[in-house]
Structures are given as C-alpha cells and as structure tokens.
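In this chain, numbering begins with 1 at the start of the sequence shown.
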Amino acid sequence: MNDIKSITKTLTDFIAARNWDQFHNPKDLSLALSIEAAELNELFLWKNQKELHTVNEERIREELADVFAYAFMLAAKYKFDVKEIIMEKMEKNGKKYPVEKSKNLAKKYTDFE
Ligand SMILES: [Mg+2]
C-alpha cells in the first residue's frame, strides 16, 4: 500500500470505528476543511513578518494535519485518487502558468500580458 492509500485507510478506519460516516457528507467535509484552514490561518493572524517565527510549530503541524485529513476524507468520499487529481491539476497549472510567463512573477494567469 502506498503512503497516500495508507493515509486514507487510517482515516476511513478511524471514521468507521466511530460510525461517523453518517455525518460526513461532502458539504460538511468541505466546511470542516475550510474551518481547519481558518484555524491554521488564526495562528498567523496579526503577526507581522518579524513575528512569524514565533508561531508554535507544533500547532502548525496539528492544524495542517487537520486540513490534510479533511481534504483526504473529501477525496475518499468521491473515490478520487489523490495523486491522480493533484497530477491532473498540476498539468493544468503548468499550461496556465508557463515558466516563460510566470517566472519571478506573483500574478494570476488572467493578469498576464
Ligand atoms: Mg484543528
């Protein structure tokens, strides 16, 4: 079993043991993902550039894990292959952001000249 499948299995086993799948509809998984992302953002809230190093890395690890967990659970709900959907999206991103147009530029592709 590859790493991605083993992550998904750990999550689905955890959920199955608690019979929580009944609560895990796509809408609520998506909301939970967004809420966990907000919890991650909260760690950085009001910190200026010089203060960013003061954010507790253990808290970042935990909130990032929550974000990943809900993302994996949402993917599992749709039976998406996580590696496949990331690879497909990166291929699209590569076309939207060709190196010659986007290198050293923090602009959205719609704002390219
Ligand atoms: Mg959290």
Side-chain angles (χ1 to χ4, degrees):
M1 187 182 299
N2 68 32
D3 288 346
I4 290 176
K5 285 196 168 64
S6 105
I7 292 166
T8 300
K9 185 174 179 346
T10 299
L11 293 166
T12 54
D13 287 351
F14 185 94
I15 293 159
R18 291 156 182 80
N19 201 26
W20 284 351
D21 194 56
Q22 60 184 315
F23 308 118
H24 287 189
N25 63 71
K27 174 192 67 89
D28 288 314
L29 288 173
S30 184
L31 289 175
L33 169 58
S34 180
I35 290 163
E36 294 301 344
E39 289 177 1
L40 178 62
N41 284 337
E42 190 176 25
L43 300 176
F44 297 100
L45 184 65
W46 309 124
K47 303 267 192 262
N48 64 36
Q49 199 65 33
K50 287 180 183 167
E51 296 169 325
L52 290 179
H53 74 279
T54 66
V55 179
N56 183 313
E57 281 196 26
E58 185 56 31
R59 297 289 318 282
I60 296 171
R61 285 171 60 99
E62 289 182 4
E63 298 306 343
L64 194 53
D66 288 340
V67 169
F68 282 130
Y70 279 112
F72 275 77
M73 287 188 268
L74 186 56
K77 182 61 71 178
Y78 284 100
K79 300 190 180 349
F80 293 154
D81 180 308
V82 172
K83 182 178 177 185
E84 185 181 287
I85 65 175
I86 291 172
M87 293 304 175
E88 284 173 1
K89 189 60 168 66
M90 288 311 294
E91 196 177 326
K92 286 182 185 175
N93 288 348
K95 288 176 184 159
K96 276 194 219 171
Y97 295 93
V99 173
E100 62 275 12
K101 283 191 179 177
S102 56
K103 193 167 189 176
N104 295 319
L105 196 62
K107 272 188 179 179
K108 190 170 180 179
Y109 69 97
T110 51
D111 295 329
F112 288 160
E113 296 172 18

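Other cluster members for Leu31: none, since no ILVMFWY side-chain heavy atom sits under 4.5 Å from it.
Taking 4.5 Å as the limit, every side-chain heavy atom of Lys89 sits out of range of all side-chain heavy atoms of Ile86. Residues Leu40 and Leu64 are in side-chain contact: their nearest non-hydrogen atoms beyond the backbone lie under 4.5 Å apart. The shortest side-chain heavy-atom distance between Phe23 and Asp28 does not fall under the 4.5 Å cut-off.
Crowding of Lys107 atom NZ: a count of heavy atoms from other residues, nucleotides or ligands under 6.0 Å exceeding 12. Within 6.0 Å of CD in Glu100 there are more than 12 heavy atoms belonging to other residues, nucleotides or ligands. Few gaps surround NZ on Lys96; more than 12 heavy atoms of other groups in view lie less than 6.0 Å from it. For CD of Glu91, the number of neighbouring non-hydrogen atoms (other residues, nucleotides, ligands) closer than 6.0 Å is 12 at most.
Put simply, CZ on Arg59 and CZ on Phe44 are 11.0 Å apart, with the number rounded to the nearest 0.5 Å. Summarising the geometry, atom CG belonging to Asp3 is positioned 11.0 Å from atom OG1 belonging to Thr8; distances are rounded to the nearest 0.5 Å. Of the inter-residue distances, the one linking Ile15 atom CD1 with His24 atom NE2 reads 5.0 Å to the nearest 0.5 angstrom. Considering CG of Leu105 and CG of Asp111, their distance stands at 9.5 Å, rounded to 0.5 Å.
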Could you walk me through whether Glu57 and Arg61 satisfy the salt bridge (charged side-chain N to carboxylate O under 4.0 Å, His left out) test, starting with their C-alpha distance in whole Å, then the side-chain angles of each, then the deciding distance to 0.1 Å, before giving a yes or no?
CA-CA 6 Å; Glu57 281 196 26; Arg61 285 171 60 99; over 6 Å; no

What verdict does the side-chain contact (heavy atoms from CB on, under 4.5 Å) test give for Glu58 and Glu62, after you've listed the backbone C-alpha separation in whole Å, the side-chain angles of each residue and the deciding distance to 0.1 Å?
CA-CA 6 Å; Glu58 185 56 31; Glu62 289 182 4; 3.6 Å; yes

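Residues Leu52 and Ile60 share a single hydrophobic cluster, defined by chaining ILVMFWY side chains whose heavy atoms lie under 4.5 Å apart.
No option in Val67, Leu11, Thr12, Leu33 other than Leu11 meets the side chain to side chain contact (heavy atoms under 4.5 Å, CB included) test with Phe72.
Applying the side chain to side chain contact (heavy atoms under 4.5 Å, CB included) rule to Glu39 yields the partners Ile35, Glu36, Glu63, Asp66; only residues at least two apart in sequence or on another chain are considered. In this structure Asn19 satisfies the side chain to side chain contact (heavy atoms under 4.5 Å, CB included) test together with Gln22, sequence neighbours excluded. Residues satisfying the side chain to side chain contact (heavy atoms under 4.5 Å, CB included) test with Glu51, not counting sequence neighbours, are Lys47, Asn48, Thr54. Not a single side-chain hydrogen bond (donor to acceptor under 3.5 Å, both in side chains) links Asn41 to another residue, sequence neighbours left out.
The aromatic rings of Tyr78 and Phe80 sit parallel to each other, their planes meeting at less than 30°, with 60° as the upper class boundary.
Counting only residues at least two apart or in different chains, ring pair (Phe, Tyr, Trp, His ring centres under 6.0 Å) contacts with residues 86-113 comprise Tyr97-Tyr109, Tyr97-Phe112.
Heavy-atom minimum distance, Ser102 versus Pro98: OG-O, 2.8 Å.
Between Lys92 and Glu88 there is no salt bridge, since no side-chain nitrogen of the basic residue lies less than 4.0 Å from a carboxylate oxygen of the acidic one.
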